[in-house]
Amino acid sequence: MTEITGWLLDVYARPGEEGVILWLLDETGSERYCLRQALPVAFHAAGPPARLRQLWRYLYHRPLPVSLSRGERRELFSDQPLTVLTVQVTQPAAQPALFREVSRAFPDLTYFDADLPVTLHHAAHYGTFPLARLHVSVDEGGWIQELEPLDTPWELDPVPVGEHLRLLTLEPDVDPAHAAPTRVLARAGRASYDLALQPSRPLLVNLRAILERHDPDLLLTTWGDTWLLPYLIELSRFSGLPLPLNRDPACRPLYRPERTYFAYGQVIYRGQQVYLFGRWHVDAHNAVLYHDYGMEGILELGRVTSLPVQAVARLSPGSGISAMQMLTALREGVLVPWHKQQAEHFKTARELLRADQGGLVYQPVIGLHRDVAEIDFISMYPSIMARFNISPETVLKKPDQNNQSLNRWGSSAAPAIQALNSFPPSQREGGTGGMGDGLVPQTLQPLLDKRITLKQRLVELPAWHPKRAAYKARASAHKWLLVTCFGYLGYKNARFGRIEAHEAVTAFGRETLLRAKETAEDQGYEVLHLYVDGMWVRRPGASRVADFQPLLDEIVERTGLPVALDGIYRWVAFLPSRLDARVPVPNRYFGVFQDGSLKMRGIEARRQDTPLWIVQVQQAMLDRLAKARSAGELGETLPELRRLLRKAGLDLRRGRVPLASLLVSQKLSRELDEYRVPSPAARAAAQLEAVGKHLRPGQRVRFLYTLGEPGVYAWDLPDRPNPATVDRRYYRRLLVRAAETVLQPLGADEIGLWLET
DNA sequence: TCCTCACGGGG
DNA sequence: GTGTACGTGAGGA
């Protein structure tokens, strides 16, 4: 028997084999072990007893060894235990095919635990997760006989794998979507190799030598999913020269096709993916939010979701939160439904009318305000779910029927909302994440706790501290999980979703914000604006953090939810609608905090489709405003802003603005033939289509506005655009518009005239 | 004036 | 392997 202590890299099932494969990195960092372990994987079927007996006979006579048993299980939405037929296999890799067959032969039965990733079974069974510290006992045949996890996903400072994790980066010299790469740069530790792509023989020989010499645990590429790995694999196949991208020789790289889907209110494109076995492949350009939280965030997501690192890198946070909920269910012995078969409860017409209210949004007081404090609820919706135990299975439980007091929403409000008034938040029990909580709050609570601790650490650590960046990335990864968790409640295909729970959360949110508003008004504040989970308040004489502390404390007392002072503005400007200057809009504003930092929302500089040059000019103007010590000094900045703008106008006229800074980048929302009105982005995409470059919905297209038809020039066309064709008047309009946004609150008008000489 | 299309928010 | 809100602004018919 061999004893090994180390970090878990991966768990997966090999076709045709018993149990699962585990890759372990030992604690000295010198060895990688490929081990095997038994893992029983089971799914359950429920239905009429006669049909279950038929299924039993059907499975009994099949060649694949399965063990069948009858039993009772808990189903989330029912108080009664459910009788199920449990089908267990010893070859986890065989389960998907077996289940497909069964569900086709017996489509009338209800299935549970049927389509879970094998890592979830392993996590639920053994308490594992990627990069978990494990102690294992291994027999002579390489089978794990005992496994003991030495930490949990909730460890704030797990023993760092750090330098032990060997990294190889591969990077082509140019973006393959725009030009044909000629070289690829490989780096491992201090070594770096510049390899020519042609001729291919030495390329493959060298790459193979590099892979064998460094034996990386992580292959970090740019465009590795969408181009480099498929290219190399094809090259290797064609030439017959082996290229050991996988560490596990028994497996071949796994391809997943490109796809386009709709989520978060927009079309999202995810390129083709290449998964490796025995080592991780992450393509920084095809990974979700890589720019936001990087590898550190991906590893954190792996730890808390227990999904494989290669998967979390490419999955939306929605699947992460979904995996966590399934894990909670598995551990609690609650059945995980196959797909989502939970229909919304029938609604009366009146209920439909009030349904689907979102967050509370006020119209701000237009104009410039000084000494305004912004108070935000921390992770408001997740906090509400945890605090008030809102979960798909708890939300329809009848509240105390004796209490018939009318609430703000009238008598048609959902029971959960009545419960809100029956139980003032500050007195209500529960929501502690302990036993007896709903599935969703139980899943959320440790996440909320960990995120808050991470953020506390960030406040305590000095700016130079080396751990800061990692904490920041991890906190950011958590943020996304928490944000999507709320949306997932209302998603019709979520396994553990229910629209009523979603509505209950927003109802609690509105009530919470209203209580905060009342609290502020009771303390003599003027409330300038409310937005979903934030509040802007002002009171003469209150301008320091300590002045607002009593208000914060009282809000926590009255709502039961955590709040934070986002900051105190020296001044903040709420902008009017462009279409009607008398109408305020809820989310267009900018301001400067007391520490001199800027905050802006909804203006040009925040938009992804604003040309870089426009962003830079607007940002420069805002930076200048931020230098004013007080709102009173803002007027004095006008001459300098005027100079800035004139110079920008002159740069444009004289052709001194780099074309690349004038590029607009927009996402295609549909296939080209589906446009009823061809948008500029669609016209640019059509130009690319004409030269054989097809773009899918969700992909970005970069273009310039040009004179004449079709009015745009796609940046990725083979020929460089002629600078003389740039539509300068159009860019001038964009410039004036962006300047107006900034200057409007200062009372400056006729901005266009500033550009005349 | 109406229609279509693209973007943001969270921290 | 997944969140089909909702409002604003821009541009063209």
Side-chain angles (χ1 to χ4, degrees), chain A residues 115-117 256-257 259-268 270 273 288-289 292-293 307 311-312 314-323 326 339-340 355-359 361 363 376-382 451 454-455 458 472-473 475-495 497 499 502 506 531-534 564 566-567 575-580 583-588 599-610 664-670 674-683 698 700-701 705 711 730 733-734 737 741:
Chain A
D115 52 352
L116 312 182
R256 287 204 191 290
R259 51 192 202 93
T260 294
Y261 57 93
F262 195 93
Y264 308 102
Q266 54 181 321
V267 181
I268 294 175
R270 187 109 292 134
Q273 306 173 1
V288 178
L289 292 165
D292 193 78
Y293 46 59
L307 288 172
V312 279
R314 297 164 172 93
L315 289 173
S316 96
S319 352
I321 207 75
S322 173
M326 294 194 279
H339 285 327
K340 205 264 175 177
D356 225 32
Q357 286 190 57
V361 172
Q363 301 207 310
D376 294 338
F377 283 90
I378 304 168
S379 294
M380 184 198 235
Y381 288 161
R451 179 172 154 79
L454 278 169
K455 298 211 75 165
L458 274 171
K472 254 196 149 126
S476 168
H478 283 231
K479 173 190 75 187
W480 288 103
L481 281 178
L482 290 171
V483 167
T484 42
C485 182
F486 160 68
Y488 224 66
L489 266 188
Y491 176 40
K492 65 177 186 303
N493 291 330
R495 290 175 209 253
I499 195 66
H502 191 270
T506 55
Y531 193 85
V532 186
D533 59 355
D566 196 46
L575 299 174
S577 162
R578 255 203 221 288
L579 303 175
D580 184 344
V583 179
V585 293
N587 215 17
R588 276 169 62 82
K599 178 164 181 175
M600 49 185 149
R601 289 296 180 268
I603 67 175
E604 289 80 357
R606 288 283 292 193
R607 291 178 64 106
Q608 298 289 312
D609 62 345
T610 306
V664 176
S665 161
Q666 282 185 336
K667 248 186 194 184
L668 295 172
S669 58
R670 61 208 77 198
E674 291 166 349
Y675 277 92
R676 276 170 294 188
V677 175
S679 67
R683 280 175 274 150
R700 285 188 169 278
V701 56
Y705 286 105
Y730 186 87
R733 249 162 60 211
L734 292 182
R737 201 182 285 155
T741 301

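By convention in this document, chain letters (A, B, ...) are assigned in the order of the sequence lines, proteins followed by strands, and residues within each chain are numbered from 1.
- Residue contacts for A:Y675: at a heavy-atom cut-off of 4.0 Å it reaches the sugar-phosphate backbone alone, with no base atom in range.
- Across all strands, A:S476 comes closer than 4.0 Å to no nucleic acid atom at all (heavy-atom distances).
- Residue A:R601 is classed as a base contact, given a heavy-atom separation below 4.0 Å to a base.
- Heavy-atom contacts of chain A under 4.0 Å fall on DNA chain B between two terminal nucleotides, which in 5' to 3' order are B:dT4 to B:dG11.
- With C1' as the reference atom, B:dG11 and C:dT8 are 23 Å apart, rounded to whole Å.
- Looking only at distances, a side-chain donor or acceptor of A:T610 sits under 3.5 Å from a matching main-chain atom of A:E604.
- A donor-acceptor pair under 3.5 Å links the side-chain atoms of A:Y675 to the main chain of A:S669, judged by distance alone.
- When rounded to the nearest whole Å, the span between CD of A:Q273 and C1' of C:dG1 equals 10 Å.
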Inset, instruction - Walk me through it: do A:I268 and A:F262 pass the test side-chain contact (heavy atoms from CB on, under 4.5 Å)? - result: CA-CA 6 Å; A:I268 294 175; A:F262 195 93; over 6 Å; no
Legend entry - Annotated protein contacts, base or backbone, on nucleotides 8-13 of chain C with a non-hydrogen cut-off under 4.0 Å, one of B, S, - each: SSSS--
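- Across A:A605 and A:M600, no two heavy atoms sit closer than the pair CB-SD, 4.1 Å.
- Atom C1' of nucleotide C:dG3 and atom CH2 of A:W480 are separated by 13 Å, given to the nearest angstrom.
- Within 4.0 Å (heavy atoms only), A:R314 reaches no atom of the nucleic acid at all.
- For the pair A:R270 and A:Y261, the cation does not sit on the ring face, since its NZ or CZ is not both under 6.0 Å from the ring centre and inside 45° of the axis.
- For the pair A:Q266 CD and C:dA5 C1', the interatomic distance rounds to 13 Å; values are reported in whole Å.
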Legend entry - Pair A:R578-A:R737, side-chain contact (heavy atoms from CB on, under 4.5 Å): steps then yes or no: CA-CA 10 Å; A:R578 255 203 221 288; A:R737 201 182 285 155; 3.4 Å; yes
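- A:S322 places no side-chain N or O within 3.5 Å of a backbone atom of A:G318 that could act as its donor or acceptor partner.
- Within the 3.5 Å criterion, the main-chain N or O of A:A682 finds a donor-acceptor partner in the side chain of A:S679.
- Below 30°, between 30° and 60°, or above 60°: for A:H502 and A:F486 the angle between ring planes is below 30°, a parallel geometry.
- Here A:L482 lies out of heavy-atom contact (under 4.0 Å) with every strand.
- Nucleic acid contact for A:D376: none, since no nucleic acid atom lies under 4.0 Å from a heavy atom of the residue.
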